[in-house]
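Contents: one structure, followed by commentary.
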Amino acid sequence: MNYIGSFFKDIYQKMAGSCDIVDCCFGLRPCHQCIFPCIKKCGYANRTVFYNYDGTESVEPLVDYFKPRNSLATKNLVRGMSLDKAVLKKGLTAVEQIAAVINFAHENELRVRAVGTGSSWSKLTNVRDILMDMTNLDKILKAEPQNDDGSIYHIEVQAGMKLHDLVREIDVKYGMSLPCMGNYAGQTIAGIISTSTHGTGQDYPTMSNFVVEIHMVIARGIQIKVRAAADGEEDEDFESVERRINAAKYGDAPLEIHSTDVFRAVAVGFGSLGAIYSVTLECVPVYNIEETRHYIEMDWPSDKQTGHFETPSELKELASGAGRYFSFFVNPFPRKSWQDADRTVLRSVYFSGERTDETGSCQCDCCMAFQCCVCTGCRGQSACQIVQTDCAATCLQIVANCLPSFIPSFADCGLHQFARDAPYIQKWYNVLTFTNGNLHLKTAEYCIPVEDMDNALKDIVRIMQDYGKLYRAYTLLPIYVRMVKADDLYLSPANRRRPDGKEVDRFCYIEVSFLPGAYGVDEFHRKVEDYMFKHYMARPHWAKNHFLNFNRVDKLYPELHKWKRVYLLFNSDGTFDNEFTRKVGFEDLRDCECSSEKQQRINCSHRELCSETDQVSETVTQQPSRVNAAHAQNYQNELHTECLHNHHCTSNVSTVDAEVISSQPMKSAGDFLPSLTAENSSPPSLLTADSTVYTTSTEPTDKEVAQNADGASRTLETIV
């Protein structure tokens, strides 16, 4: 029976893979991704181009595209490398290959980035010089029981193994499982922990918290093994770790670091602290889940401004259940209730699961392989792998564009695929998984305290309605809400320490997704993120679509300074910096660290002057008869370039509105401030050469305008 199941499974997987070809030939995707299945295999002049999982971001490493492998390497690994012949004769193991490439990058001032399946956006995978594709490193290295009854195992797995493969292999070989997992199983293990990916349930933290030890390679090719100090074990302080790493040399045996402080930084490191070779996970005996999936209606307020919205008490009771896996979908389009036509409601489906000893649905290999509409091996009919393709998404998107009035009904249809009359009992990973990565959604997710869930959900639905009416841009997918337990990892979105100084024990994630090919996704996600930051200090999911900059990261994560110390130590030469670290300001932390305390204060003062820069430029550009327009534009861009160059310093600017404005794209001169009105006709404040601020009551002369502009420029040059 197992042989027959495996035979059908192989055929099925080939059929599912062939859907990529259908996507390419179908050719109806309303964007360039219609040819993604073809171009992702192509290269230029024998140079490989890496695409993230939906093809919206590409990486073209200038030096080389390198894939470490488990077999011994007996040749030079990347272009320009020249290893000793004795070393090549002996051969390099997988971790030694990684170390050799990173050491080569250090010696030649190159940048390196490790990547898995590319299941993320926001330039996490982008790199200039060398890209290391870790997907060949997909083995379980060892599994050790940690107690007499074997109820806890520590399993070491290589960084490139996919979650989908891991959970099945540890089930078959060891009868083990993870405490929880997310609904998408296509990521690599290193990618999951590096971005603090999560499952659902108020008693389950993010998956980074399941890690016991991380074996990684940091700057200069130094190997380290990091774990938190165990009970009764000496907790090494950061200064001791720093001394040992600075004294280490390339080729040394891995340093054993038992430090809770360092571990809390490394557990969520985005690939910016080093290249992860293997991860040791704490596993528990495999279990089944009995899940209830039911429709429920939420009353929607008719008054847009003052109406009160609250999720039903039934959902809150289920969410608070001990050990319960709970989440829910919400159709963001208010409809008339099926039970009472006088009520306006949001239709929803909730998922409430508990561990059970029952076996429930058939768990033979055939059913596990097909997971189709007839025999659901996963979460409902929507889990059918053949349905989860870009072809299906294309059909829905095209129909929705032709019949926009039917979009709410399409969303209802999507909810219907998940609802069940009877409880669903299956192995834990079949219950908790939605997709293995066949369907290329573009999604953003925001982490907020559970007590803010009702208001935040109401506001997001309002934004979706207003945005859709204004720009005719809608999503066919429901909003997804999940619960997570707080943790102590420094840059985890679920870190218990909030920006206002309070501590939170439970968080919820609100996810807004779009089908591939949807129009205006980035602008919509930017609008939602700006609003959620301003009103709820929401932390976006690192691996999903976000627009974070240093100002926001600094405000959202009170323990950033602790993460920064480890970042500057492990990435001391900038080997792992890339477009992501530049965008969020991490690489500029190195400049702040090297500058004197006095210089840092000056730079921070410069940050406060950024808002004044716009005012100076506005005064110049509003004198068309006195200053050449081209000069005004150049002056505007020059001042903003200087301000952006120093965005890494801690700012004392506290207004959220100014922060939101600073995150917007560069505009032309004259667009930064509104035109002067009759009620406020005097020019804005000007900055003199001695940094004295004054306000003019009359229109300045030609000479005064030129002096003010030159004075401001000299002031900024002096500060820089």
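Numbers for residues simply follow the sequence, beginning at 1. Atoms considered below: every heavy atom in the structure, side chains included; atoms not considered: hydrogens, waters and symmetry mates.
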Worksheet item: Which value, rounded to the nearest 0.5 Å, describes the distance between Arg347 atom CZ and Ile296 atom CD1?
Response: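 Nearest 0.5 Å value for the CZ-CD1 distance: 14.0 Å.
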Discussion item. With rounding to the nearest 0.5 angstrom, report the CG to OG1 distance, Leu124 to Thr195.
Written reply: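 Interatomic distance, Leu124 CG to Thr195 OG1, rounded to 0.5 Å: 7.5 Å.
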[X] (side chain) donor-acceptor with [Y] (main chain) under 3.5 angstrom:
| X | Y | result |
| --- | --- | --- |
| His525 | Val512 | yes |
| Glu290 | Asn288 | no |
| Trp563 | Tyr557 | no |
| Arg498 | Met537 | yes |

Can you name the salt bridge (Lys or Arg N to Asp or Glu O under 4.0 Å) partners of [X], sequence neighbours left out?
| X | result |
| --- | --- |
| Asp299 | Arg343 |
| Lys442 | Asp522 |
| Asp261 | Arg565 |

Could you tell me which residues satisfy side-chain contact (heavy atoms from CB on, under 4.5 Å) with [X], sequence neighbours excluded, listed by chain and number?
| X | result |
| --- | --- |
| Asn147 | Asp149, Ser151, Ile152 |
| Asp235 | Ala229, Ser259, Thr260 |
| Ser409 | Arg335 |
| Glu213 | Lys225, Arg227, Glu256, Thr280 |

What residues form a ring pair (Phe, Tyr, Trp, His ring centres under 6.0 Å) with [X], not counting sequence neighbours?
| X | answer |
| --- | --- |
| Tyr531 | His535 |
| Tyr295 | Trp338 |
| His258 | none |
| Phe524 | Tyr467, Phe514 |

Worksheet item: Is any side-chain heavy atom of His546 less than 4.5 Å from a side-chain heavy atom of Tyr446?
Response: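 SC-SC contact between His546 and Tyr446 ruled out.
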Worksheet item: For the residue pair Phe418 and Phe329, does the interplanar ring angle fall in the parallel (under 30°), tilted (30 to 60°) or perpendicular (over 60°) class?
Response: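 Phe418 and Phe329: tilted rings.
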Worksheet entry | Mutual orientation of the aromatic rings belonging to Tyr204 and Tyr325 [parallel < 30°, tilted 30-60°, perpendicular > 60°] |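 Parallel: the ring planes of Tyr204 and Tyr325 meet at under 30°.
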Fill in: Positive for side chain to side chain contact (heavy atoms under 4.5 Å, CB included) with Trp428, one of Val284, Asp171, Leu178
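Only match with Trp428 under side chain to side chain contact (heavy atoms under 4.5 Å, CB included): Leu178.
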Discussion item. Listing request: all salt bridge (charged side-chain N to carboxylate O under 4.0 Å, His left out) pairs with a residue in residues 188-206, at least two apart in sequence or in separate chains.
Written reply: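 Those involving residues 188-206 are Asp203-Arg506.
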Practice prompt. Would you please test Thr443 and Glu511 for side chain to side chain donor-acceptor pair (under 3.5 Å) and show each step?
Written response: CA-CA 7 Å; Thr443 179; Glu511 183 174 9; 2.7 Å; yes
